[in-house]
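Remember, it's a predicted structure, so these values are computed and weren't measured experimentally. Sequence lines set the chain letters: A, B, ... in the order given, protein chains first and strands last, and positions in each chain run from 1.
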Amino acid sequence: MFILAPEMTSAPQEMLTAGQVLANQDPKAARKAIAARDNGRLLDLSARVDPRAQLSPVLPGEPEALEVLRHSAAHIMAEAVKELFPGVKVAIGPAIEDGFYYDFDYERPFTPEDLPAIEQKMADIVKKNIAFESEVWDSDKARQHFTAQDEAYKVELIDALDAEEVGIYSQGGFTDLCRGPHIPSTGRLGAFKLTSVAGAYWRGDEKRPMLSRIYGTAFFDRKELKQHLALIEEAKKRDHRKLGRELELFSFHDEIGAGLVVWHPRGMILRTVIENLERSEHLKRGYSMVQGPQILKRELWERSGHFDNYRENMYFTEVDEVAYGLKPMNCLAHMLIYKSKLRSYRDLPLRLFELGLVHRHEKSGVMHGLTRVRAFTQDDAHLICRPDQLEEEILGVMDFVTDFMELFGFEYSLELSTRPDKSIGSDQDWERATSALSKALEASGKAYEINEGDGAFYGPKIDFKLTDALKRSWQCATIQCDFTLPERFDLSYIGSDGDSKRPVMLHRVILGSIERFIGVLTEHYAGAFPLWLAPEQVRVLTVTERADAWAREITQALVDADIRAQSDLRNEKLGAKVREAQLMKVPYMVILGDREVEERQLTPRLRDGKNLQPQTLEEFIAMFKDEEAEPLRRLRQKARQRCQI
RNA sequence: GCCGGCGUAGCUCAGGGGUAGAGCAGCUGAUUCGUAAUCAGCAGGCCGUUGGUUCAAAUCCUACCGCCGGCUCCA
């Protein structure tokens, strides 16, 4: 079934296609294969290889197979678009996490209404089952070809590749610059859907033309596609913007302004629980609590470098002819606290913690629920230490972050970001700071990626990233090394030798922005917060009004025991009350009917629908308190163990 | 900031040049009920805001504001 293509007849006799080699090894698997793997390198089935090569088939179901399929789907989409919209130019079209996209330049942007026609045309191409054919062209030939086709973006890509030869793939009338590999023929694309259109800058540069991007996803069979689309629908139900309204946590208002959160009682109590834990954990880890004002003189922002480097993100105002800036960061007041008295090497490290509300003027198109706002509270701290303490301090912060991530059950990824174009400070300081961070990362043994040029303007940083329900990743914790501010503010301490020395500083947050963190946390738990976090922990439900008095007594006792409890004495059926408590995702319901009144007991019902045995109020409170404290007990235990080592 | 889509009752959504609609929620009444919706009645709207086109605009067009999906930027 694998016949040499005409252009391959000139190939040395002993060469076979990858498909033929696979067929000799395992005919059954070869039939299903969509590409071949040679020592981890992926090949087209049509690639010519040594017959003795040890190849393995890339089979549907493997992640790599899906990537090949989706990349091929992008090519098929590009062919469809070129047929439907003459004059369109194609840019790039890779496979991505959950699908693929292709960027186009056309006389008008594409809209969702264009998608059905493109899908139809793609289906035609799939039905024709056209082979993907690969060739290697001389770069000049490719350049001439795409210039003749008026495909300026492709010509630019060829120039950027700066190679003698480039890979070319064709299926039917569509020829594209591409590294491959691809599925053998268009018929192997089993199920696909175009999902959205969006603008995207050419090569991600906002100074270059905006292209029209079409997103889609593809699978080998329809069932998988359907499952994937269902999964996305499920994820949308976890969206914190939706849950935030349904669970009455927070709101946004046109009248107030974009990106400005209003916290409702249930959201505020959630915040408060988290913030109180932060306070207590910071105090236990050698931090002091401080607080600076919301506005500081512009002059001070000029001194710190914020005015030159961060101005476009700041709000300014004028009072009595003096210019002030609303703080976008908390560090300045902390610098002045440090400077308020003479510091000795014995005083260091000094760890100043502030739950600081900052305002940042974000561009209008970037706001996103709680995860990207214009006013937010950072669990911010500045650690001012001796150079020799730097690495240990960094590790201490990493432990702090790890403890909290484990408490909430988050997975995270780590990134080290290096010096950006727009920055202050000497090369030497940047080098020292970056190496301190990477040393600490190495010492921690955790995996991390390097993000070149993505540091803050004053220093490099380690970022901890979490993912939301729709797999968008958000930066939460960050540790930023800074040699510049101590310099600019002329911070000093007296060393053991009696000389005045310059300390170094770390900016760091654990959860990052409380707002963002609660957004991601809400999606993480799908709104069903664990007992210790739940805004309403217990709802007392009566079967009839004969239980009202007992319900009032119980509710009061629970509230007295610092339990967040409410009663529902409305003249409704129990089923209706249960349903509403369930929708609000209250962890415990307490059911009171004639039986409970008689026995002076209560029947707990869990959020998962399970009922516990009727019990006394005292028993319930004891059980509740134990369960509520458990996660925090574990957190403390771990922290203490580490300190002993 | 850029590209595209969208703003109708507290929420979810119909209506698309000629008097503003539904379900849920709310209010009132009846019902006293055991684990995800009891029944009936009532009320609720500057159709995001501004200009414009038209005899007539929720509906068509401008511009703003906001939201959604991306891009860029970032906690």
Exercise for the section: Using whole Å, report how far CD of A:Glu545 lies from C1' of B:A30. Expected result: 13 Å

Practice task
Can you label the angle between the A:Phe85 ring and the A:Tyr106 ring as parallel, tilted or perpendicular, going by 30° and 60°?
Solution key: perpendicular

Fill in the blank from the handout: Applied to residues 404-421 of chain A, the salt bridge (Lys or Arg N to Asp or Glu O under 4.0 Å) test, sequence neighbours excluded, yields A:Glu406-A:Lys638, A:Glu415-A:Lys465, A:Arg419-A:Asp427

Problem - With sequence neighbours excluded, residues passing salt bridge (charged side-chain N to carboxylate O under 4.0 Å, His left out) with A:Lys82 - result: A:Glu151

Completion exercise
When both distances are under 3.5 Å in a Watson-Crick or G-U wobble arrangement, the nucleotide paired with B:U32 is none

Problem - A:Asp380/A:Lys327 ion pair, N-O < 4.0 Å - result: no

Exercise for the section: Specify the separation, in whole Å, of atom OH of A:Tyr106 and atom P of B:G4. Expected result: 15 Å

Handout entry: Those residues that, when tested against A:Glu156, pass salt bridge (charged side-chain N to carboxylate O under 4.0 Å, His left out) (two or more places apart)
Key = A:Arg208

Handout entry: Listed once per pair and sorted, the salt bridge (Lys or Arg N to Asp or Glu O under 4.0 Å) pairs that draw on residues 506-530 of chain A, sequence neighbours left out
Key = A:Arg271-A:Glu515

Check: protein-nucleotides 12-14 of chain B nitrogen or oxygen pairs below 3.5 Å:
from	atom 1	to	atom 2	distance (Å)
B:U12	OP1	A:Arg245	NH2	2.8

Handout entry: salt bridge (charged side-chain N to carboxylate O under 4.0 Å, His left out) partners of A:Lys363, counting only residues at least two apart
Key = A:Glu206

Practice task
Name the nucleic acid region contacted by A:Gly575, choosing base, sugar-phosphate or nothing; use a 4.0 angstrom heavy-atom cut-off, strictly under.
Solution key: sugar-phosphate

Practice task
Any pair with a residue in residues 250-264 of chain A that passes salt bridge (Lys or Arg N to Asp or Glu O under 4.0 Å), sequence neighbours left out, goes on the list, sorted by first then second residue, please.
Solution key: none

Exercise for the section: Would you list the pairs meeting side chain to side chain donor-acceptor pair (under 3.5 Å) in which at least one residue belongs to residues 585-595 of chain A, sequence neighbours left out? Expected result: A:Arg546-A:Asp594, A:Tyr588-A:Glu627

Practice task
Figure out the CZ/C1' separation between A:Arg579 and B:C24, and round it to whole Å.
Solution key: 9 Å

Completion exercise
Pairing partner of B:A22, by Watson-Crick or G-U wobble and under 3.5 Å for both distances, is B:U12

Practice task
Report the residues that fulfil side chain to side chain donor-acceptor pair (under 3.5 Å) with A:Arg279, sequence neighbours left out, ordered by chain and then residue number.
Solution key: A:Asn276

Problem - Who pairs with B:C47 - Watson-Crick or G-U, where each distance is under 3.5 Å - result: none

Practice task
Would you mind telling me which residue lines up with the more 5' stretch of RNA chain B, A:Glu113 or A:Thr544, judged by nearest nucleotide?
Solution key: A:Glu113

Polar-atom pairs under 3.5 Å, protein N or O versus N or O of nucleotides 43-45 of chain B: list them with distances, or write none.
none

Practice task
Any chance you could list the contact pattern along nucleotides 64-75 of chain B? Use B for base contacts, S for sugar-phosphate-only contacts and - for none, protein heavy atoms under 4.0 Å, 5' to 3'.
Solution key: --SSSBBBBBBB

Handout entry: Distance between C1' atoms of B:U53 and B:C13 (Å, rounded)
Key = 30 Å

Problem - Residues forming a side chain to side chain donor-acceptor pair (under 3.5 Å) with A:Gln601, sequence neighbours excluded - result: none

